Each structure stands twice: as C-alpha cells, then as structure tokens.
2 protein chains.
Amino acid sequence: MAQKNKLQFIILGLLNQQPLTGYDLTKAFENEIGEFWQAQHSQIYPQLKRLETQGYIAHEVTVSGAKLEKKLYHITTEGSAILRDWISTGTPDLTATKDEFILKLYFIRSNHDPRLPEMLQEQLQLHTTKYHHLQQRLKTVFTDPASKQAHYGHYLILQHALGREEYYVDWLKQSLAALPTAR
Amino acid sequence: MAQKNKLQFIILGLLNQQPLTGYDLTKAFENEIGEFWQAQHSQIYPQLKRLETQGYIAHEVTVSGAKLEKKLYHITTEGSAILRDWISTGTPDLTATKDEFILKLYFIRSNHDPRLPEMLQEQLQLHTTKYHHLQQRLKTVFTDPASKQAHYGHYLILQHALGREEYYVDWLKQSLAALPTAR
DNA sequence: TGGTTCATGTAACAAGTTACATGATTAG
DNA sequence: CTAATCATGTAACTTGTTACATGAACCA
C-alpha cells in the first residue's frame, strides 16, 4: 500500500457524524477539514463507490425538485468498526512537512543573500494572515463552551494549528531581525 | 501541472553545491534533506534522466575499481538559472500539513474519550524523541560558527524544525494536563 | 433569463511508494 | 568468503491534481 489511504477514513469519520452526499463531503474539504487535508470531488466520488462495494457505507437516492437526484451516504456497522480501528491504532509515522519555502531556504548559503529579506517578509505576511484567519475560526466555531465539549478533537487541533502559526510568525520575525543590516 | 515538481529543484540545488551521483542524491534524502523532504532512488534516477535531456544537468562516467560505473552529475549554466528562478519566485502556497494524528483527533468528539490519553501520550513520546534528535543534529552539523555562515539556510530551517517540535511537545503536554481526571 | 450554486461523474496526467532486478566493491 | 554497502535501473501501483463533461435548481 502506498500510504494507507487516509481519505477513506476521513470520509468514514464525516459520515459517522451524519449522512452526507458526495457534494457535502466535497464542501467539508473546502471548509473545516480543509484546514488540514484536501481532496477534490474527482477523488471523493470514486472513493465513495469503493467504500460502498466494500460494505462500509451505503446510500439512498433522494430527489430534490423535479428530478435532481442526490445520493445520501451513511456509514454501516462495518464502516464504524474500521473507523474505530483506524483511530485506535497507533500513529507512529511523523509526516515530514513538505514546505516549499523551507526547501528554498535550504539552498540559501549566506545570510547576506539579497533574496533573504523579501523571502522572509513574504512568508511573514502569509503566515500572519493565516494566523488571524485561524484565530477568527476558533472564535466563530467555538463560541459557546458547549460546542467545545461536543467537538473536543476539533477544538484541540484548531488550537494546535493556531499555536503552530504563532510560532512560525515568531520564527520569521526573529530570523528577519537577525539578518545583517544592509548598508 | 500537479504541483510544480519540486524534486527537480531539490536535485538541482544539491548539484549546485557539488557534483553527485544518483546514489549520493539518494543518501542526501535519507540524511540532511530527509528532515523535510523524501524521495526514493526509483524517483531520482528517472528525474536525473529528464533533467539531462532538458539540458539542466550533465554527467560523466567514472569507474571505481575494475568496472563499476558511476554517473557523476553536475549542473549546467541553464540548470543554475532555473534554480535561481525557482528560489527567487514567490512561495504563496502554504502547504497544509497532512498529519495523520491530527486527523484522528478531529474525529474524537468528547474529552472523556478513553482513547485520548494514550493517543496523546504516544505522540508525546514520538515528538520528544524527534525533538532530541533535532537538537543533536543542530549540535553536530553546526559545531563551529563558520559552518553556520556557510550554510545559513540550513541552519535556519534546522532551528525552525527544532522550535516546531518544541511547540508540538508543549501542546501535547498541555492537552494531556487539561484532560478530565479519570476516577 | 441568466448567473451561481447544487450535484455527479470520467479522463488524463503527475507525483510518490513499493517491489522487482542486477551486479560490483569493500571491510571484516 | 561473506555481509554490508555502493550503484543503477524498471515495473506496478496508489494517490492526488487538473481538466473535461453534463445537467438541475435557485435566486435576482
């Protein structure tokens, strides 16, 4: 296996909360999930078919309006079981973050390289924006304490992502400050 | 294009420092580079051929011992140019970290979930180990200040990776501490 | 009636992993 | 002499992205 097909478990995880259509799932990857995983509908629809053949999900067709058919998928008992297994199994592989900017930095040899300031500055801007964006999401998604209780994992990882961005921003600022002053 | 083929630039970046064989490059991905990017030899050898047809690198054959042939690749002027372009071009896409553990956490709904403590504990152990490992590398790779000068980018990102792990460990400890006490 | 969103699919391609395959050199 | 490492390649497969393709429903 290439790397365990995580997509199937994300789909199962989402369907474990409530029945959804392929379209709903696609939207979920643009919103909540999108913060830490991406998938396009062209990957989702075939995966849904595979999961159904395997018996982990099933669907019923509902009709909106005159004839628009939607396939509303729900998880089966077997699906719930393998989802539980996946979550319970250890996660010993720490994924190396494939950050293109970090990669570029690696090839900068001297701290006098004229490209360094603008490169760091650009990232500072990007990560600051992302930081504010996450701060906003944390505020809007978990307004009342009850939602924090009902979606504890989501709360934990959003908070984690926020902290990670905060560190990234700090590191960029420090690196910029440590640069030799141009004259 | 799928996502810009970063591998080719990593290879060019490494060859920009000194001529290397495919085998050397493979080793580099297991060591320095391995901290933030992976590639197997089965991906490297074909990429080398493509880069050579494109005129960005060239090789000469050297013979070790009686008949073992090595292809020592070096970068061409054109190769240097597109490497410079890649580094100079902005990097506006922040890669979402595809962290499997974070994904699993997302599907944990309650802070009373019995799996939470062991899951956090496992990650704490893994990230602590990685933290120490990075600390060690920073110490061994940059013993004298001169090397820090000559490989400034490498120094920056190693230090960044260390800080990132430090934050991860802190977050895990905090999350563990915040868990409701079992009775 | 016309543009945006809803809704579902396939095709072609790029990137990345695992497995298959072979042979030379070196150090103990 | 034999095991580990050096050295180079291909094949098969999985995962992920972009593009192609179609049509219904909804809102202004």
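These values consider heavy atoms only, across backbone and side chains, with no hydrogens, waters or symmetry-generated copies. Labels below follow one simple rule: chain letters A, B, ... track the order of the sequence lines, proteins then strands, and each chain is numbered from 1. Source: prediction; values computed, not measured.
- Ring pair B:His160/A:Trp171 is tilted by interplanar angle, where 30° to 60° counts as tilted.
- Comparing A:Ser64 and A:Leu7 against DNA chain D, the residue whose closest nucleotide sits nearer the 5' end is A:Leu7.
- One hydrophobic cluster, built from ILVMFWY side chains closer than 4.5 Å, cannot hold both A:Leu126 and A:Leu120; they sit in different ones.
- Atom CG in A:Leu68 sits roughly 11 Å away from atom C1' in D:dC26 (whole-Å rounding).
- Of the listed nucleotides (D:dT18, C:dG9, C:dT25), C:dG9 has the atom at the smallest distance from the side chain of A:Lys71.
- With C:dT25, C:dT18, D:dG9 as the candidates, the nucleotide lying closest to the side chain of B:Gln40 is C:dT18.
- Taking hydrophobic clusters as Ile, Leu, Val, Met, Phe, Trp and Tyr residues chained together by side-chain heavy-atom distances below 4.5 Å, A:Leu138 shares a cluster with A:Ile33.
- Minimum atom distance to the side chain of A:His41 is reached by D:dA19, of the listed D:dG16, D:dA19, C:dA24.
- Taking the side chain to side chain donor-acceptor pair (under 3.5 Å) definition, one finds that A:His151 meets it with B:Arg109, sequence neighbours left out.
- For the pair A:Gln8 CD and D:dG16 C1', the computed distance is 15 Å after rounding to whole Å.
- Nearest to the side chain of B:Asn5, among D:dT15, C:dA15, C:dA24, sits C:dA15.
- Atom CD1 in B:Ile44 sits about 13 Å away from atom C1' in D:dA7, given to the nearest Å.
- The distance between atom CG of A:Leu48 and atom C1' of C:dT8, rounded to the nearest whole Å, is 10 Å.
- Here D:dG9 presents its P atom at 8 Å from NE2 of B:His59, a figure rounded to the nearest Å.
- Applying a 4.0 Å cut-off to non-hydrogen atoms, none of the residues of residues 9-34 of chain A approaches DNA chain D.
- Qualifying salt bridge (Lys or Arg N to Asp or Glu O under 4.0 Å) partners for A:Arg115, counting only residues two or more places apart in sequence or in other chains: A:Asp113.
- Listed by first then second residue, pairs satisfying side-chain hydrogen bond (donor to acceptor under 3.5 Å, both in side chains) with a partner in residues 56-71 of chain A read A:Glu52-A:His59, not counting sequence neighbours.
- Put simply, NZ on A:Lys98 is 15 Å from P on D:dT15, counting in whole angstrom units.
- B:Ile102 and A:Val141 fall within the same hydrophobic cluster, where Ile, Leu, Val, Met, Phe, Trp and Tyr residues are linked whenever their side-chain heavy atoms come under 4.5 Å apart, directly or through other members.
- When the local axes at the two ends of the helix from C:dT1-D:dA28 to C:dG28-D:dC1 are compared, using 5 base pairs at each end, they differ in direction by 30° after rounding to 10°.
- The ring of A:Phe142 has its center closer than 6.0 angstrom to the ring center of A:Tyr155.
- Here the C1' atom of nucleotide C:dA14 and the CD atom of B:Gln47 are 11 Å apart, to the nearest Å.
- Proximity note for B:Ser42 (side chain, C-beta onward) versus D:dA11, C:dG9, D:dG9: the nearest is D:dA11.
- Which of D:dA7, C:dG9, C:dA7 sits closest to the side chain of A:Lys49 comes down to C:dG9.
- Proximity of A:Tyr45 to the phosphate of C:dT8: a side-chain N or O atom is located under 4.0 Å from OP1 or OP2.
- A donor atom on one side chain and an acceptor atom on the other are found under 3.5 Å apart for A:Asp99 and A:Tyr168.
- Remark: B:Thr129 pairs with B:Gln125 by the side chain to side chain donor-acceptor pair (under 3.5 Å) rule, at least two apart or across chains.
- Candidate nucleotides D:dT17, D:dT10, C:dG16 were compared by shortest atom distance to the side chain of B:Gln43, and C:dG16 ranks first.
- As rounded to whole Å, 12 Å separates atom C1' of D:dC26 from atom NZ of A:Lys70.
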